[in-house]
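Report on the structure given below.
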Amino acid sequence: MLRLSISGALALMLLAPTAWAQETVPAPAATPQPAPEMQADAPEMVEEEEGDGRIVGGDPAPVANALWQAQIFARGDGEYSKQEIGDDFAKSLKNPSQSKFLFKKDAWELNHRCGGALIASDWIVTAAHCAKLPCAKGAQCLPEGDFLKRRGVRLGTLDLTSGGRTYRIDRVVIHRDYNKDDNIHDIALMRIVPDGTRGQFAFTPVKIRILGSKPGDLPPLRIPNVTVTGWGITSPRAENSSMVFRSDGKTLLRKSSALMQVPLKVLPASNCEARFAAAMKSEVVLCAGSKDGKDTCQGDSGGPMTRTERGNERVLVGLVSGGDGCGIKGVPGLYVDAGKYQQWIKDAMRTAPAGRVSRYPPN
């Protein structure tokens with residue numbers, strides 16, 4: 001299963017317009033509003049409770065822990081067209097179990113895809129599975145290059161309903177040996193450029209350095225307490241269960257428009273070997289979790305796992321990758337070990353061709 005939940009003065013700082021392009025939050029095509037008589041026939045739904053916005057056991061993230069946080073979103077008309085949303089509504093009337101209930105979700109929620117971390121002035125790092133367009137079974141897949149025009153990146157906001165600046169993705173590099181079945185080498189880079197629209201930072205983005213990039217950094221297990229941030233699903237989800245409803249079959253699983261954070265602990269590989277043998281043998285994947293069901297979930301993919309190093313400096317330890325379900329007590333998740341990819345990142349940035357989705361190293 002793929003995931004994808006300094007100070008006060010800086011938190012309130014607003015930048016004046018600069019050479020970087022700005023934009024307000026892009027809106028997808030308007031969600032069709034079913035006629036009243038159709039709504040009356042819709043299956044009974046239980047909406048997310050007020051105040052229940054949690055990244056499966058987390059809390060709202062402060063700006064100081066998220067200055068480098070990036071969002072990857074669907075551009076243009078969004079991830080779903082009016083026709084698709086309308087068809088999904090019709091499906092919900094005939095067979096609710098086959099519907100995604102797209103018409104019940106907000107525009108930002110339909111558009112949100114993944115997280116990422118700003119590691120250079122114009123580069124973000126994310127999960128490899130976040131750099132691919134969905135390809136439905138039995139349907140013709142879109143050309144890989146379409147990713148560049150169908151996705152964008154947002155920086156400088158904690159709230160997906162307002163603020164931040166958006167960027168066009170100029171090029172993408174996916175690790176050549178990415179294995180989606182075992183979550184090995186689940187890492188990608190995206191170079192971002194101004195997209196010609198306007199918006200305003202809620203705070204100034206700051207790049208984050210990767211753990212191990214300076215002498216004296218201790219490995220993840222030596223300081224295992226980490227923080228993961230994201231806008232993903234906020235409720236527990238059992239392994240192999242619906243990605244639409246909670247276990248009651250009525251309550252929609254929802255993402256959070258406010259960035260959430262969750263404290264986790266990096267665990268010895270032995271804690272994950274039983275479930276994720278190949279990933280742990282690769283030695284480029286971290287195992288992390290909690291004893292009380294705190295976790296990341298769908299929509300958090302590619303987001304940063306950080307910890308404090310050298311006093312108050314936050315460093316990038318890993319990236320949200322995958323796991324079995326979300327928020328299941330005693331079941332840790334998988335995270336890219338960012339420190340193991342420092343040379344790959346440097347080489348991929350230097351050689352990535354513009355206007356393409358490429359692989360590195362090349363064949």
Side-chain angles (χ1 to χ4, degrees), residues 1-4 56 114-117 125-135 137 141 144 172-189 210-212 219-222 224 226 228 230 232-233 237-241 243 264-291 293-305 316-345 347-348 357-363:
M1 180 279 296
L2 302 178
R3 306 273 190 188
L4 124 62
V56 192
C114 282
V125 63
T126 186
H129 72 266
C130 292
K132 293 176 172 289
L133 294 172
C135 185
K137 293 181 179 179
C141 296
E144 191 174 60
V172 173
V173 194
I174 301 172
H175 198 290
R176 182 189 62 190
D177 298 322
Y178 165 52
N179 183 327
K180 66 178 182 179
D181 296 322
D182 295 319
N183 299 98
I184 298 173
H185 301 307
D186 189 12
I187 187 170
L189 293 166
I210 298 172
L211 179 67
L221 281 173
R222 290 287 300 276
V226 294
V228 185
I233 289 175
R237 187 182 73 79
E239 182 181 0
N240 298 322
S241 65
M243 289 180 61
L264 299 176
K265 181 169 286 189
V266 178
L267 304 170
S270 58
N271 288 59
C272 276
E273 284 175 347
R275 285 177 175 265
F276 312 112
M280 292 300 98
K281 288 179 181 177
S282 74
E283 298 184 348
V284 292
V285 179
L286 294 173
C287 172
S290 70
K291 294 181 179 179
K294 291 182 172 66
D295 200 3
T296 53
C297 203
Q298 276 77 20
D300 294 321
S301 287
M305 167 193 279
L316 184 67
V317 178
L319 304 167
V320 181
S321 181
D324 289 339
C326 308
I328 304 173
K329 291 184 178 180
V331 179
L334 299 179
Y335 298 80
V336 176
D337 187 345
K340 299 292 179 63
Y341 291 93
Q342 293 183 78
Q343 191 60 50
W344 178 87
I345 289 172
D347 294 342
V357 177
S358 62
R359 303 293 191 282
Y360 189 84
N363 289 323

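In this chain, residues are counted from 1 in sequence order. Side chains are part of it too, since the values below use all heavy atoms of this structure and drop only hydrogens, waters and symmetry mates.
In this structure Ala348 satisfies the side-chain contact (heavy atoms from CB on, under 4.5 Å) test together with Val173, Leu189, Trp344, Tyr360, sequence neighbours excluded. Judged as a salt bridge (charged side-chain N to carboxylate O under 4.0 Å, His left out), and not counting sequence neighbours, Glu283 has no contacts. For Asp177, the salt bridge (charged side-chain N to carboxylate O under 4.0 Å, His left out) test picks out no residue, with sequence neighbours left out.
The distance from atom CD1 of Ile187 to atom NZ of Lys340, rounded to the nearest 0.5 Å, is 12.0 Å. Atom NZ of Lys281 is separated from atom CD of Glu273 by 8.0 Å, given to the nearest 0.5 angstrom. Rounding to the nearest 0.5 Å places SG of Cys114 at 5.0 Å from NE2 of His129. If you take CG on Asp337 and SG on Cys287, they are separated by 12.0 Å, rounding to the nearest 0.5 Å. Here the CG-NZ distance, from Asn271 to Lys265, works out to 11.0 Å after rounding to the nearest 0.5 Å. Atom CG of Asp182 is separated from atom OG of Ser282 by 8.5 Å, given to the nearest 0.5 angstrom.
In plain terms, the two heavy atoms of Pro220 and Val266 that are nearest each other are CB-CG1, 4.1 Å. For Cys272 against Pro332, the heavy-atom pair with the smallest separation is SG-CG, 3.5 Å. Counting all heavy atoms, side chain and backbone alike, Gly302 lies closest to Leu319 at O-CD2, 3.6 Å. The minimum heavy-atom distance between Asn183 and Val285, with the atom names listed, is O-CG2, 3.5 Å. Among all heavy-atom pairs drawn from Gln342 and Leu211, the shortest one is NE2-O, 3.4 Å. Residue Met305 comes nearest to Ala288 through the heavy atom pair CE-CB, 3.7 Å, listed as atom of the first residue, atom of the second, then distance.
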**Asked** Could you walk me through whether Asn179 and His185 pass the side-chain hydrogen bond (donor to acceptor under 3.5 Å, both in side chains) check?
**Response** CA-CA 7 Å; Asn179 183 327; His185 301 307; over 6 Å; no

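At least one donor-acceptor pair closer than 3.5 Å links the side chain of Arg176 to the backbone N or O of Pro362.
Side-chain contact between Glu144 and Leu133 is absent, with no heavy-atom pair separated by less than 4.5 Å. Using a 4.5 Å heavy-atom threshold, the side chains of Leu334 and Leu286 count as separate. When side chains are defined from C-beta on, Tyr335 counts as touching Leu264, because their heavy atoms get closer than 4.5 Å.
For His175 and Tyr341, the distance between ring centers is under 6.0 angstrom.
Between Val320 and the choices Thr126, Asp186, Val228, Val336, the side chain to side chain contact (heavy atoms under 4.5 Å, CB included) rule is met once, by Val228.
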